[in-house]
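A short worksheet on the structure shown next.
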Amino acid sequence: MERIPLYPTPPKALIETIAPSELDFNCGRCALAAGRKTVVTAEGEAGGLLVVGQGPGRHEDAEGRPNIGKSGQYLRDQLMHRWRGKVVMDNAYRCFGAGEPPADAVAKCRPFLAQTLKEAKPTRVLALGDRAIQSLLGRNVPPLRTRRGYAWLYNDGKPIPIFFLIHPAAGERNRFLRRYFEEDLEWALTAQLPPPPWSAEAKVVATREDAEEAVEDLLSTDWFSFDVEASGQLFNRDYRILCASFAALGRETVWMLEEETLKNREVFEPFRRILTDPDVAKGGSGVKYDENAFAWALDCVVKGIVFDVRLQRKLLEPEGSGYLDDMAELVGMGGHKQEARAQIDEIVKGLNRARAKARARSETEKTQTLMFATETLARLGYNPIPEGADAEAYAYGYLPRDVLLRYNGRDTLVTSKLSALKGIELSRKKPQRRIWEAVVLPAARAIRQVEAWGMPVDRGAVNLYAQYMDLQLGKLRATLKQWGDFSPSSDPQVADLLYNKLGLTSPWQTKGGKPTTEADALEQLRDKHPAVPVLLEHSRFETLRGRCDEWLRNIRDDGRIHTSINLDGARTGRASSSDPNLQSIVRPDPDHPETKMARDCFVAPPGTLFLMLDYKQIEYRMMGWLSGDEEMLKVIRSGVDFHLATAQLISRQMWGIEPGDVKKPHRSIAKTVNFAVGFGMTDETLADLLKCSVEEARKVRQAIYGAYKKLPLYIERCKEIARKDGVAWTYWEGEPARCRPMWRIADEDNYNRSKAENGAFNTAVQGSAAEFCTASLGKIVHAIVEEKLPAELVLPIHDALLFVVPKPFVREIAARAKHEMTSFKGCGDLLEVDIEVGERWGSLEHLEA
DNA sequence: CGATCACGG
DNA sequence: ACGCCGTGATCG
């Protein structure tokens, strides 16, 4: 069997490749030379720890020694308690300067650090902060997003670990960051790491015999990881799997299958057998993609997915990076994509250049772009790429074979190592393990199917809509011409027109202190000048028009839009949608016909209907459930309109009227305040919204807290937990489930602190609601697939699920989906759903169940 | 590439 | 200065 080493030569840290240089006290290599008193030298005894910090502050500059200021002293104290051996201290750059150091300081100073490294002969290296990591490794690793990351360098042929830590100065002003630093320092000084995997190799499967041997290995441990590299866009006919690789847990041999082998039924058969066997445990990183690659290109539907390291990572560390490049740092394999990345960037440039050339030529010669694109690309050695497609999706096909296979193999190895790490972490954290098993894993299995079904769309309708919008936009721009020659898409130019040329006054400033052009602000100026309503309409139409191109770009060969559903999209646990985002399409508004037209572009296939079920006011129900307030629960269970009931509860106190006399305006006020409470709005903003004084706003809020007495107590409890532990929890079946870091709650900065305080309650509400949506999605797709129900779940929209169902089965599926969405241990009776049906998404009508 | 805006829940 | 969570387009 052909063997391909994943690392033909052991990778080197950048610092090892730099020629060491004796410290130069007259150094003028970067701009820091101008302001320094002295050059801060390294100090300490060789043969133990090497601590690399960022750069000197005032104290260090005054005395020429590293780490003697306040945070330096803290670092020395922390080290003293934990490390009895020798220590050398140095910095990524050695001269003091006010403010941020110049961009080239780290690079210019690197030879001096290389000299320190040579002399220090460390057994362990600590890199404090991103610049220290940058200095040693030459790559950007944000240490807070990559906690417990490490890398390797060599000392006389012996591997020396470099541990990534946040900079101790970050902890100076935040007790949680201080805790993170101290925990990670303890780890960095004591961790025993597995040796670096530089001798790992890929074995290229070519025969049936090879395949049997590979499968035997893959079945010999608890689970295996797999990963696919491809060219083209999934769900298009030109999509090709270039290679796939597989690795058994704990092994450093990766089994590699190339395109021809995958297509060879005889050789692929053993792999197909284990991939489709639900009893063979397996997983990957963002594995829904790899599953769909096998399903689409090889008609091989993977069963038995038990892990996805990306989802596990985001569940365990929501603020950590979920990109494999970054997660590779957690297993000492950082930079594993660099070799291929550099070449892919070049290939993408080439592809885009060729396309640009083709476009330019077709314009001058007034003919079809596509034809020339094909021609030009072919001349340059590329295959045609559809107009509008991302060139990167095709770039992997042009990588040299060995680079591609190494890339794929390393990805699989990183994933395999991560699966062990995350599996252990998950087994140790009970709340996250519960929610993983009950909600996230089932939903992950479901999501790959949802993406495969895809959202039906009427291309003709989109084209017509785009034309209509172009026409309207043309008219609006023509009208705007009378007020000058400016671009209505440019905020600065619009602001200049409104506030300088037309003499209007900006109702408020943007965060950056500039006059605003926001719709809410312009709404206030609507009657002040005839240009304002035209600008408002233009802005709306322009965003709507933009969506058409995005949709058209993303229609695949099966006529559907396969949006990406990201289960790790939001830190509260909500799923997001991207490429394109189908969760933010304008809602039909009777006053603006073009809004309905947008959703009407999505048409159910002949003989089927769209069926939409959405949770009624789920966030208020969560508030009642979480706080346990009896009055709130009574209102929810009674089925009375929640805001009306709230208005009635406070009517005597607020307006001195009987509950029976509560009218629409009262309800509207109650609704606004309920809303404000849910999101932790300040009384000032609430007053703004209600157009009343801050004192009055406070009074309504207090009246509601008086009606629902346990609600303010619960809000305060969320904040207390966040202040004490630096986290906010979502809840599942009455127990904490997902944990979101809230360390900014300890910030001195009022803005960050109050944002985090609001976030603590909001995370519990929004996040716990999300658990129900995600859980029901998992349950329903499972039912559809296993029971072969006639339905497709095509889009989750936070608190709603959209299905495509053959007409005769609509009621049956609606009843079943409703059942799944409202049957949960403990609080199913609190949940209610609305049901709507229609041929077009913009024209749904209520269905009485 | 950050700031600003617009859309959804 | 004060609303949470997202994605995407556009501008400078």
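Residue numbers start from 1 in every chain, and the chains themselves are labelled A, B, ... in the order their sequence lines are given, proteins ahead of strands. Every heavy atom of this structure was used, including side-chain atoms; hydrogens, water molecules and symmetry mates were not.
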When the distance from [atom1] of [X] to [atom2] of [N] is rounded to whole Å, what number comes out?
| X | N | atom1 | atom2 | answer |
| --- | --- | --- | --- | --- |
| Trp551(A) | dA9(C) | CH2 | C1' | 14 Å |
| Ile797(A) | dC5(C) | CD1 | C1' | 16 Å |
| Leu552(A) | dA9(C) | CG | P | 13 Å |
| Gln509(A) | dC2(C) | CD | P | 11 Å |
| Leu473(A) | dA9(C) | CG | C1' | 14 Å |
| Asp491(A) | dA9(C) | CG | C1' | 11 Å |
| Asn762(A) | dG6(C) | CG | P | 10 Å |
| Arg477(A) | dT10(C) | CZ | P | 10 Å |

Report which part of the nucleic acid [X] touches: base, sugar-phosphate, or nothing (heavy-atom distance under 4.0 Å, all strands).
| X | value |
| --- | --- |
| Asn758(A) | nothing |
| Ala519(A) | sugar-phosphate |
| Glu550(A) | sugar-phosphate |
| Phe761(A) | nothing |
| Thr763(A) | nothing |
| Arg753(A) | nothing |
| Thr543(A) | sugar-phosphate |
| Arg599(A) | sugar-phosphate |

Which residues share a salt bridge (Lys or Arg N to Asp or Glu O under 4.0 Å) with [X], sequence neighbours left out:
| X | result |
| --- | --- |
| Asp749(A) | none |
| Asp549(A) | Arg545(A) |
| Lys779(A) | Glu820(A) |
| Asp130(A) | none |

message: Holding to side chain to side chain donor-acceptor pair (under 3.5 Å), I want the full list of residues that pass it with Lys288(A), two or more places apart in sequence or in another chain.
response: Glu451(A), Ser564(A)

field: Residues forming a side chain to side chain donor-acceptor pair (under 3.5 Å) with Ser768(A), sequence neighbours excluded
entry: none

statement: Of the listed dG6(C), dC5(C), dT10(C), the closest approach to the Gln766(A) side chain comes from dC5(C)

query: Parallel under 30°, tilted from 30 to 60°, perpendicular over 60°: which one fits the rings of Phe610(A) and Trp841(A)?
result: tilted

message: Students often mix this up, so state it plainly: with edges at 30° and 60°, are the rings of Phe642(A) and Tyr708(A) parallel, tilted or perpendicular?
response: parallel

Would you tell me if any nitrogen or oxygen in the side chain of [X] comes within less than 4.0 Å of OP1 or OP2 on [N]?
| X | N | answer |
| --- | --- | --- |
| Ser578(A) | dT7(C) | no |
| Arg574(A) | dC4(C) | no |
| Gln493(A) | dG12(C) | yes |

statement: By nearest-nucleotide position on DNA chain C, the 5'-leaning member of Asp579(A) and Met681(A) is Met681(A)

task: Determine whether the aromatic ring centres of Trp625(A) and Phe824(A) lie less than 6.0 Å apart.
output: no

query: Near DNA chain C, under 4.0 Å by heavy atom, which residues of residues 560-571 of chain A?
result: Gly569(A), Ala570(A), Arg571(A)

Span of DNA chain B, from the first to the last nucleotide whose atoms fall under 4.0 Å of chain A heavy atoms: dT4(B) to dG9(B)

message: Please enumerate all residues that pass ring pair (Phe, Tyr, Trp, His ring centres under 6.0 Å) together with Tyr705(A), with sequence neighbours excluded.
response: none

